[in-house]
Amino acid sequence: MLITHDTRCALDAVVDLVNSAPDDEGAASAGSGAAADGLADVAALNEFVKRNAISDVGVLTERDLAGVHRIRGRFAEVFAATEPHVAATLINELIAAAGTTPRLTDHDGYDWHVHYFAPGASVADHLAADCGMALAFFVVAGEQERLRRCEAPDCRRAFIDLSRNRSRRYCDSRTCGNRLHVAAYRARRREAAGLEQDAQDGQEPPEPAAPSRLEQEQVVQ
């Protein structure tokens with residue numbers, strides 16, 4: 001599917017927003033090492049706005065922070081939805097409540113693109129409208145399954161799989177992906193060392209598993 005520059009910016013922003021939520025289990029116990037709220041105060045919200053180059057935002061207040069927290073939870077529900085109808089209902093509610101008003105703009109030197117938030121909208125409505133519409137495109141294209149959570153058991157960060165064959169499994173292949181691959185490699189090494197020790201101790205090693213059909217085909221090739 002075609003993803004324009006402004007849509008990609010909105011997708012990056014909504015992923016950043018969802019991943020700013022604190023870990024519920026860790027929030028109950030200080031010092032547990034769990035993730036804290038990435039948008040704990042107005043200063044953090046200002047950094048979020050700057051990091052994601054969100055335009056047309058005035059002076060932010062506690063009211064803005066509360067509004068962003070509210071839609072953050074709703075966007076998390078979109079990522080958790082397993083059925084298109086559920087995701088569509090959530091997105092429809094978000095963009096309707098934001099008073100979505102599509103309009104063409106070429107601000108800050110960018111080519112013409114569409115903003116969906118109304119002029120003068122709060123930052124929460126801005127995010128709800130633009131990010132909501134960006135996610136809506138995935139539902140329309142039948143690509144909702146690309147809205148994912150990292151499969152690393154101790155991560156679960158949100159990400160959007162933009163790979164050609166929908167094969168991405170981790171939020172960051174250089175951290176979560178490599179970490180799990182290294183863990184699997186070390187587990188295989190420990191298993192091999194155990195079999196070698198059994199042989200030295202005179203114990204019969206277990207029968208090797210029969211090769212899978214894929215492995216047989218690879219041998220033939």
Would you say [X]'s side chain and [Y]'s backbone share a donor-acceptor pair under 3.5 angstrom?
X: His115; Y: His113; result: no
X: Asp161; Y: Arg168; result: yes
X: Thr105; Y: Arg103; result: no
X: His69; Y: Leu39; result: yes
X: Asp64; Y: Thr61; result: yes
X: Asp37; Y: Pro22; result: no

At what distance, to the nearest 0.5 angstrom, does [atom1] of [X] lie from [atom2] of [Y]?
X: Leu65; Y: Leu45; atom1: CG; atom2: CG; value: 6.0 Å
X: Ile160; Y: Asp12; atom1: CD1; atom2: CG; value: 7.5 Å
X: Cys176; Y: Glu151; atom1: SG; atom2: CD; value: 11.0 Å

Which atom of [X] lies closest to which atom of [Y], heavy atoms considered:
X: Gln144; Y: Ala87; value: NE2-CB, 3.6 Å
X: Ala124; Y: Ile71; value: O-CD1, 3.3 Å
X: Gly99; Y: Ala118; value: O-CB, 3.8 Å
X: Ala44; Y: Gly38; value: CB-O, 3.5 Å
X: Val86; Y: Ala81; value: CG1-CB, 3.8 Å

task = Evaluate the side-chain contact (heavy atoms from CB on, under 4.5 Å) criterion for residues Arg63 and Val42: first the C-alpha distance (whole Å), next the side-chain angles of each, then the deciding distance (0.1 Å), finally the verdict.
result = CA-CA 9 Å; Arg63 183 176 180 178; Val42 175; over 6 Å; no
For residues [X] and [Y], determine if any side-chain heavy atom of one lies less than 4.5 Å from a side-chain heavy atom of the other.
X: Thr7; Y: Phe137; result: yes
X: Phe75; Y: Cys131; result: yes
X: Leu135; Y: Leu11; result: yes
X: Val114; Y: Thr4; result: no
X: Glu145; Y: Arg166; result: yes
X: Val139; Y: His85; result: no
X: His126; Y: Ser55; result: yes
X: Asp130; Y: Phe117; result: yes

Are [Y] and [X] connected in a single hydrophobic cluster, I mean Ile/Leu/Val/Met/Phe/Trp/Tyr linked by side-chain heavy atoms less than 4.5 Å apart?
X: Val140; Y: Phe138; result: no
X: Phe159; Y: Leu17; result: no
X: Val123; Y: Val59; result: no

task = I would like to know whether Phe79 and Val15 meet side-chain contact (heavy atoms from CB on, under 4.5 Å); could you show each step before the answer?
result = CA-CA 10 Å; Phe79 275 82; Val15 167; 4.2 Å; yes
message = I'd like to know whether CG of Asp111 has more than 12 heavy-atom contacts from other residues, nucleotides or ligands below 6.0 angstrom.
response =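 No, not enclosed.
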inquiry  = Counting only heavy atoms not in Arg8 (residues, nucleotides, ligands), do more than 12 fall under 6.0 Å from its CZ?
reply    =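 No - once you tally the heavy atoms of other residues, nucleotides and ligands closer than 6.0 Å, there are 12 at most.
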key: Derivation and outcome, side-chain contact (heavy atoms from CB on, under 4.5 Å), residues Phe48 and Ile54   = CA-CA 9 Å; Phe48 172 86; Ile54 299 174; 3.7 Å; yes
Quiz item: cation-pi between Arg148 and Tyr170, 6.0 Å / 45° =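 No; the conditions do not both hold, so Arg148 does not lie above the ring face of Tyr170.
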request  = For side-chain contact (heavy atoms from CB on, under 4.5 Å), just list the numbers for Val18 and Val78, CA-CA rounded to whole Å, side-chain angles, deciding distance to a tenth of an Å, and then say yes or no.
outcome  = CA-CA 10 Å; Val18 171; Val78 175; over 6 Å; no
Test: Arg74 and Glu77 ion pair at under 4.0 Å =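 A salt bridge is present here (some side-chain N lies under 4.0 Å from a carboxylate O).
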